[in-house]
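A short worksheet on the structure shown next.
Protein chains get the first letters and strands the later ones, always in sequence-line order, with residue 1 at the start of each.
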Amino acid sequence: METREFGDIELRQVREHVWEIPREGEMNAPARVLASEALLDHIGDDKTLEQLRNATHLPGITKHAICMPDGHQGYGFPVGGVGATDATDGCLSPGAVGYDINCGVRMMTTNLTYEDLQGHEEELVDALFEAVPSGLGGGGVVTGDAETIEDILARGMRWAVDAGYATDDDLAHCEDEGFRDDARPEFVSQKAKDRGRNQIGSLGSGNHFLEVQRVTDIYREDVAESFGLEADQIVVLIHCGSRGLGHQTCTDYLRRIEKEHKDLLDDLPDKELAAAPAGSALAEEYYGAMCAAINFAWVNRQLIMHRTREVFADVFDRDWRDMEMRLLYDVAHNIAKKEVHEVGVDPEGRPVRDSDAVEREERELYVHRKGATRAFPAGRPELPPAYAEVGQPVIIPGSMGAGSYVLRGGDQSLDLTFGSTAHGAGRLMSRTKAKQEYWGETVQDELREQEKIYVKAQSGATVAEEAPGVYKDVDEVVRVSDELGIGDKVARTFPVCNIKG
DNA sequence: ATGTTC
């Protein structure tokens with residue numbers, strides 16, 4: 001069996017695209033990397049593997065710590081990491097969720113074709129840029145008073161329905177129906193709420209964007225039909241998170257963990273893994289606060305989608321309902337969730353990998369997905385009726401020059417990844433390096449002239465940082481997901497208009 | 001990712 005070495009870490013190949021760091025020393029489980037040889041070279045290039053091995057030290061980590069094909073190093077726990085910890089005697093880790101709680105992506109379909117849009121690209125990109133708040137700092141679609149922010153945190157997209165920004169159909173096409181019942185706004189600090197108040201409905205900066213795209217390829221006709229996708233169709237992708245509110249919430253709880261659970265931190269190889277013991281008051285409070293920030297992010301994406309419908313109605317002089325602007329799905333890729341999974345256990349009832357298991361039991365776990373997307377196959381009870389028979393849509397954004405993919409949850413995902421797959425292309429170089437290599441305006445000119453992609457951004461520096469060349473090959477990431485059967489290719493899109501911070 | 005350096 002083939003092995004690969006990166007520094008002091010040796011990976012053994014289990015089978016194609018599956019690599020394992022064997023359990024040793026203080027590790028509580030082996031680690032696994034799901035990658036082709038080419039992607040593994042990227043993953044071995046930074047601290048991802050060391051961070052993944054560190055993650056296996058988390059109390060109660062079950063089966064494996066897993067790195068998706070687009071993994072790269074993050075704060076403590078790798079981006080592209082999945083870690084399922086026992087919800088009773090394990091831990092809950094803000095570091096394994098990330099700063100941008102419920103960063104995620106949604107796709108809205110339309111009945112427009114690329115032909116309908118051609119000639120209107122500049123008008124559309126200008127109107128979207130005008131209507132959708134973006135960039136660092138404040139300014140949102142709505143400004144919330146103290147009562148509104150509480151309501152948004154508690155009720156997520158249900159608030160948006162009552163306020164006239166969402167329909168029941170939108171709710172039915174969102175992970176968790178756009179609402180986490182476990183949200184506890186009282187555990188979100190006043191400072192975080194104050195930061196969130198004037199950012200309700202705003203894109204933010206960095207890799208966040210809104211993109212109008214056309215469908216170029218269909219890989220599974222029957223699934224695409226269930227998703228309402230066909231070639232040449234115009235769709236809209238919205239990628240953003242919980243802005244300052246989620247960031248502040250993460251910061252608040254990292255600090256409290258350092259103060260209140262120093263003993264646990266001292267036992268971990270990296271303090272940035274920052275976990276609170278399951279069942280502790282702090283774990284319960286963080287879970288309630290994180291769920292509230294999750295609700296905020298869903299409202300954020302909903303308000304941006306609402307504005308997008310208004311802009312399309314203006315530009316094409318038609319009601320958005322006539323253009324059938326429907327939410328296909330909204331997926332979170334920075335979250336933790338209590339989920340029940342079947343795991344193999346040893347004779348003492350301890351979760352072990354399948355090859356060492358004597359029987360299988362259902363366990364309640366905190367599934368941390370940090371830069372990883374839920375990818376549940378048909379049959380999981382969490383799926384909404386629209387996708388119960390076909391599997392959930394998974395949306396994987398590529399760079400602004402490459403386009404994106406729609407997948408559906410694969411039938412191997414529950415066995416391999418606790419029902420997860422990748423979340424994007426993954427960065428190849430740092431933001432600093434990107435700014436040395438690229439100039440924003442040049443990138444925009446080339447995309448427009450060579451690819452008919454219209455990009456408008458608050459900052460030229462952001463365009464340089466997000467240039468297509470700074471990302472890995474999204475096709476390769478998706479190929480691995482499809483071949484492993486964790487997320488199956490359904491359709492591919494290509495950018496038409498892109499706005500960003 | 002982020003009122004981009006508590």
Side-chain angles (χ1 to χ4, degrees), chain A residues 46 48 51 70-81 93-105 133-140 143-144 149 188-210 238-259 271-272 274 289-290 293-294 296-298 300-301 304 331-336 368-373 397 399-400 423-427 429-436 440 457-466 470-471 500-501:
Chain A
D46 57 21
T48 312
Q51 291 186 334
D70 56 333
H72 59 90
Q73 80 179 56
Y75 173 87
F77 193 91
V79 176
S93 167
V97 170
Y99 276 97
D100 192 3
I101 297 167
N102 192 6
C103 184
V105 52
S134 67
L136 281 169
T143 302
I149 198 85
V188 176
S189 69
Q190 192 56 50
K191 192 175 179 183
K193 289 171 183 169
D194 289 342
R195 286 181 71 173
R197 272 175 55 169
N198 66 344
Q199 297 184 327
I200 310 163
S202 63
L203 268 180
S205 186
N207 64 357
H208 291 162
F209 64 81
L210 182 156
I238 296 165
H239 176 207
C240 62
S242 51
R243 304 292 329 278
L245 184 140
H247 192 275
Q248 187 64 47
T249 300
C250 181
T251 304
D252 290 340
Y253 282 90
L254 291 176
R255 283 187 189 148
R256 282 189 57 191
I257 283 173
E258 278 187 29
K259 274 196 275 188
K271 289 193 192 326
E272 291 185 355
M290 177 196 64
I294 286 170
F296 181 89
W298 273 321
N300 194 28
R301 291 196 283 276
I304 291 167
V331 287
H333 55 225
N334 274 16
I335 47 100
H368 301 75
R369 297 188 181 92
K370 181 185 188 182
T373 311
S399 74
M400 64 172 114
H423 85 306
R427 290 192 80 82
M429 65 179 84
S430 70
R431 294 185 175 278
T432 314
K433 177 95 190 300
K435 279 181 281 197
Q436 291 161 2
Q458 297 283 353
S459 150
T462 304
V463 178
E465 289 172 8
E466 297 296 319
V470 314
Y471 280 94
K500 51 201 302 94

Indicate, with a heavy-atom threshold strictly under 4.0 Å, whether A:Gly206 touches base, sugar-phosphate, or nothing. sugar-phosphate

Could you go through A:Asn198 and A:Thr143, starting from their C-alpha distance and side-chain angles, then the distance that decides it, and tell me whether this counts as side-chain hydrogen bond (donor to acceptor under 3.5 Å, both in side chains)? CA-CA 5 Å; A:Asn198 66 344; A:Thr143 302; over 6 Å; no

Residue met sooner reading DNA chain B from 5', once A:Gln248 and A:Arg255 are mapped to nucleotides: A:Gln248

Heavy atoms only, 4.0 Å cut-off, all strands: where does A:Gln199 land among base, sugar-phosphate and nothing? sugar-phosphate

Expressed as a whole number of angstroms, how long is the span from A:Asp252:CG to B:dC6:P? 14 Å

Within the 4.0 Å heavy-atom criterion, would you say A:Ser205 contacts the bases, only the backbone, or no part of the nucleic acid? sugar-phosphate

For A:Arg427, answer base if it contacts any base atom (sugar-phosphate contacts may also be present), sugar-phosphate if it contacts only those atoms, and nothing otherwise; contact means non-hydrogen atoms under 4.0 Å. nothing

Is there side-chain contact between A:Lys193 and A:Gln248, with heavy atoms separated by less than 4.5 Å? no

Could you state the CD-C1' distance from A:Gln458 to B:dT4, rounded to the nearest angstrom? 15 Å

A:Arg427 to A:Tyr471, cation-pi by 6.0 Å centre distance and 45° axis angle: yes

Taking OP1 and OP2 of B:dT4, is either one under 4.0 Å from a side-chain nitrogen or oxygen of A:Arg431? no

Grab the CD-C1' distance between A:Glu466 and B:dT4 for me, whole Å please. 14 Å

Distance (rounded to the nearest 0.5 Å) between A:Ile294 CD1 and A:Ser242 OG: 8.5 Å

Whole-Å gap separating C1' (B:dC6) and NZ (A:Lys259): 13 Å

Could you give the CG-to-P distance, from A:Asn102 to B:dT2, as a whole number of Å? 13 Å

What is the separation between atom CG on A:Asn334 and atom P on B:dT2, rounded to the nearest whole Å? 11 Å

Here the distance between atom P of B:dT4 and atom CG of A:Leu136, to the nearest Å, is 8 Å

Sugar-phosphate only, base, or nothing, as touched by A:Lys191 at under 4.0 Å among non-hydrogen atoms: base

Residues passing the side chain to side chain donor-acceptor pair (under 3.5 Å) test with A:Gln458, sequence neighbours excluded, are A:Ser134

